[in-house]
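None of the values given here were measured: they were computed from a predicted structure. Chain naming here is simple, since letters A, B, ... match the order of the sequence lines and numbering starts at 1 in each.
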There are 2 protein chains.
Amino acid sequence: MQISDAEWVVMNLIWGSQPIDASQVIERLSEPHDWSAATIKTMLHRLVRKGALSHEADGRKYIYRAKVRRHDCVRKASRSFLDRVFGGNAAPALLHLLKTSRLSPDEAAELRELLDARFGDEQGG
Amino acid sequence: MQISDAEWVVMNLIWGSQPIDASQVIERLSEPHDWSAATIKTMLHRLVRKGALSHEADGRKYIYRAKVRRHDCVRKASRSFLDRVFGGNAAPALLHLLKTSRLSPDEAAELRELLDARFGDEQGG
DNA sequence: CTCTTTCGTTTACAGATGTAAACTGATTAC
DNA sequence: GTAATCAGTTTACATCTGTAAACGAAAGAG
């Protein structure tokens with residue numbers, strides 16, 4: 001199951017604010033993305049159909065919840081990105097991101113720690 | 001201009017082996033991707049139309065060349081991936097890739113060097 | 001010179017995507 | 001209780017994608 005660009009916007013909101021009903025999603029996304037309410041309703045509907053969201057009636061409205069875990073979707077999307085753009089090799093991707101990104105000192109430190117933890121200074125691991 | 005999944009396969013080949021003619025592309029891609037010659041011809045055609053490739057007649061066949069630089073496409077695709085999946089923040093993306101990837105010691109070392117060069121140990125840069 | 005093969009162009013077609021209006025059933029305001 | 005409103009469902013529609021067949025021109029086979 002593929003989550004499209006626009007659907008990621010919706011999913012990202014829902015992962016961060018579930019359970020949530022349609023009006024909330026519309027309220028939070030229509031302005032910043034210049035989407036009509038109808039567009040957002042369509043996306044919610046499609047995401048339910050795809051199995052990415054579940055909805056549960058609460059009176060006349062529906063409460064939406066993610067059925068797929070963000071982490072799994074991130075993994076899938078990352079895999080697909082790596083495959084398509086870097087032939088599946090993480091190293092060039094990491095180098096590219098590192099070269100083109102501004103990181104805060106804290107973020108850099110965290111990265112360095114993880115790097116050291118997983119791939120120790122002397123031997124790789 | 002967007003390069004689709006399948007088109008990336010073609011572009012990746014061409015970036016690595018240009019100039020190249022259609023029969024070569026077909027020869028190199030149809031087996032591993034299980035694509036018919038017609039499919040590959042379509043993709044070449046679309047890529048020319050999109051402006052990603054140029055073609056130049058050489059007798060009855062065409063020689064293809066990339067018109068867009070790989071680096072630019074990588075940057076665009078990375079940007080789009082970051083935006084869609086990580087809300088535009090490189091740090092979580094880097095952490096994710098690092099957590100889910102196996103790197104060789106050399107790759108790890110290269111990353112560490114770049115990290116240190118760009119975001120020195122004491123002060124961020 | 002015809003027939004066949006080859007190469008590129010056009011056309012095809014279903015499914016995904018972005019974007020949204022139309023429709024329908026329930027609910028709230030009079 | 002009838003009108004306006006609101007939520008969700010259906011329908012719409014152009015474009016993009018993946019996948020490929022059909023078609024037309026050129027070139028080589030005989």
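Put simply, OH on B/Y62 is 14 Å from P on D/dA25, counting in whole angstrom units. Rounded to an integer number of Å, the gap from CH2 of A/W8 to C1' of C/dG18 is 18 Å. Note: CZ (A/R49) to C1' (C/dG18) measures 14 Å, nearest angstrom. Residue B/Q24 contributes atom CD, which lies 14 Å from atom C1' of C/dC7 at whole-angstrom precision. B/D21 has its CG atom 16 Å from the C1' atom of D/dA26, to the nearest Å. Atom P of nucleotide D/dA7 and atom CD1 of A/I26 are separated by 7 Å, given to the nearest angstrom. Counting to the nearest Å, the C1' atom of C/dT9 and the NE2 atom of B/H45 are 6 Å from each other. Put simply, CD1 on B/I20 is 12 Å from P on C/dG8, counting in whole angstrom units.
A ring-ring contact (aromatic ring centres under 6.0 Å, His included) check over residues 93-115 of chain A, counting only residues at least two apart or in different chains, returns the pairs A/H96-B/H71. Applying the salt bridge (Lys or Arg N to Asp or Glu O under 4.0 Å) test to residues at least two apart or on different chains, none of the pairs has a partner in residues 31-43 of chain A. Within the structure, every pair that satisfies the ring-ring contact (aromatic ring centres under 6.0 Å, His included) test and touches residues 36-61 of chain B, not counting sequence neighbours, is listed here: B/H55-B/Y62, B/H55-B/Y64.
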- prompt: Nucleotide by nucleotide, 5' to 3', does protein get under 4.0 Å of the base (B), only the sugar-phosphate (S), or neither (-) in nucleotides 20-26 of chain C, counting heavy atoms?
  reply: BB-----

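A heavy-atom distance below 4.0 Å to DNA chain C is reached by none of the residues of residues 70-88 of chain A.
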Check residues 73-81 of chain B and write down every donor-acceptor pair under 3.5 Å in which the side-chain atom is one partner and the other belongs to a residue at least two apart or another chain.
{"from": "B/R75", "atom 1": "NH2", "to": "B/D72", "atom 2": "OD1", "distance (Å)": "2.7"}
{"from": "B/S78", "atom 1": "OG", "to": "B/V74", "atom 2": "O", "distance (Å)": "2.7"}
{"from": "B/R79", "atom 1": "NH2", "to": "B/D83", "atom 2": "OD1", "distance (Å)": "3.4"}
{"from": "B/R79", "atom 1": "NH2", "to": "B/G88", "atom 2": "O", "distance (Å)": "3.3"}

Identify each donor-acceptor pair in which a side-chain atom of residues 14-22 of chain B lies under 3.5 Å from a protein atom, sequence neighbours left out, and give them as a table.
{"from": "B/W15", "atom 1": "NE1", "to": "B/V68", "atom 2": "O", "distance (Å)": "2.9"}
{"from": "B/S17", "atom 1": "OG", "to": "B/L13", "atom 2": "O", "distance (Å)": "3.3"}
{"from": "B/S17", "atom 1": "OG", "to": "B/R28", "atom 2": "NH2", "distance (Å)": "3.1"}
{"from": "B/Q18", "atom 1": "OE1", "to": "B/A66", "atom 2": "N", "distance (Å)": "2.8"}
{"from": "B/D21", "atom 1": "OD1", "to": "B/S23", "atom 2": "N", "distance (Å)": "3.0"}
{"from": "B/D21", "atom 1": "OD1", "to": "B/S23", "atom 2": "OG", "distance (Å)": "2.4"}
{"from": "B/D21", "atom 1": "OD1", "to": "B/Q24", "atom 2": "N", "distance (Å)": "3.3"}

Donor-acceptor contacts under 3.5 Å from residues 2-9 of chain A side chains, at least two apart:
{"from": "A/S4", "atom 1": "OG", "to": "A/E7", "atom 2": "N", "distance (Å)": "3.3"}
{"from": "A/D5", "atom 1": "OD1", "to": "B/R84", "atom 2": "NH1", "distance (Å)": "2.0"}
{"from": "A/E7", "atom 1": "OE1", "to": "A/S4", "atom 2": "N", "distance (Å)": "2.9"}
{"from": "A/E7", "atom 1": "OE1", "to": "A/K50", "atom 2": "NZ", "distance (Å)": "2.6"}
{"from": "A/E7", "atom 1": "OE2", "to": "A/K50", "atom 2": "NZ", "distance (Å)": "3.2"}
{"from": "A/W8", "atom 1": "NE1", "to": "A/I3", "atom 2": "O", "distance (Å)": "3.4"}

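With D/dG18, D/dT17, D/dG8 as the choices, the nucleotide that has an atom nearest any side-chain atom of B/D5 turns out to be D/dG18. Distances from the side chain of A/K61 to the nucleotides C/dT9, D/dG8, D/dT10 place D/dG8 closest.
For B/S36, the side-chain hydrogen bond (donor to acceptor under 3.5 Å, both in side chains) partners two or more places apart in sequence, or in a different chain, are B/T39. With sequence neighbours excluded, the residues that form a salt bridge (Lys or Arg N to Asp or Glu O under 4.0 Å) with A/R65 are A/E56. Residues satisfying the salt bridge (Lys or Arg N to Asp or Glu O under 4.0 Å) test with A/R49, not counting sequence neighbours, are none.
For C/dG18, the OP1/OP2 oxygens have a side-chain nitrogen or oxygen of A/S4 closer than 4.0 Å.
Nearest heavy atoms, A/S30 versus A/I40: N-CD1, 3.7 Å.
A/L94 CG to B/E107 CD: the interatomic distance, rounded to the nearest 0.5 Å, is 9.0 Å.
Comparing the end axes of the helix from C/dC1-D/dG30 to C/dC30-D/dG1, each fitted to five base pairs by superposing C1' atoms of four pairs onto the next four, gives an inter-axis angle of 20° (nearest 10 degrees).
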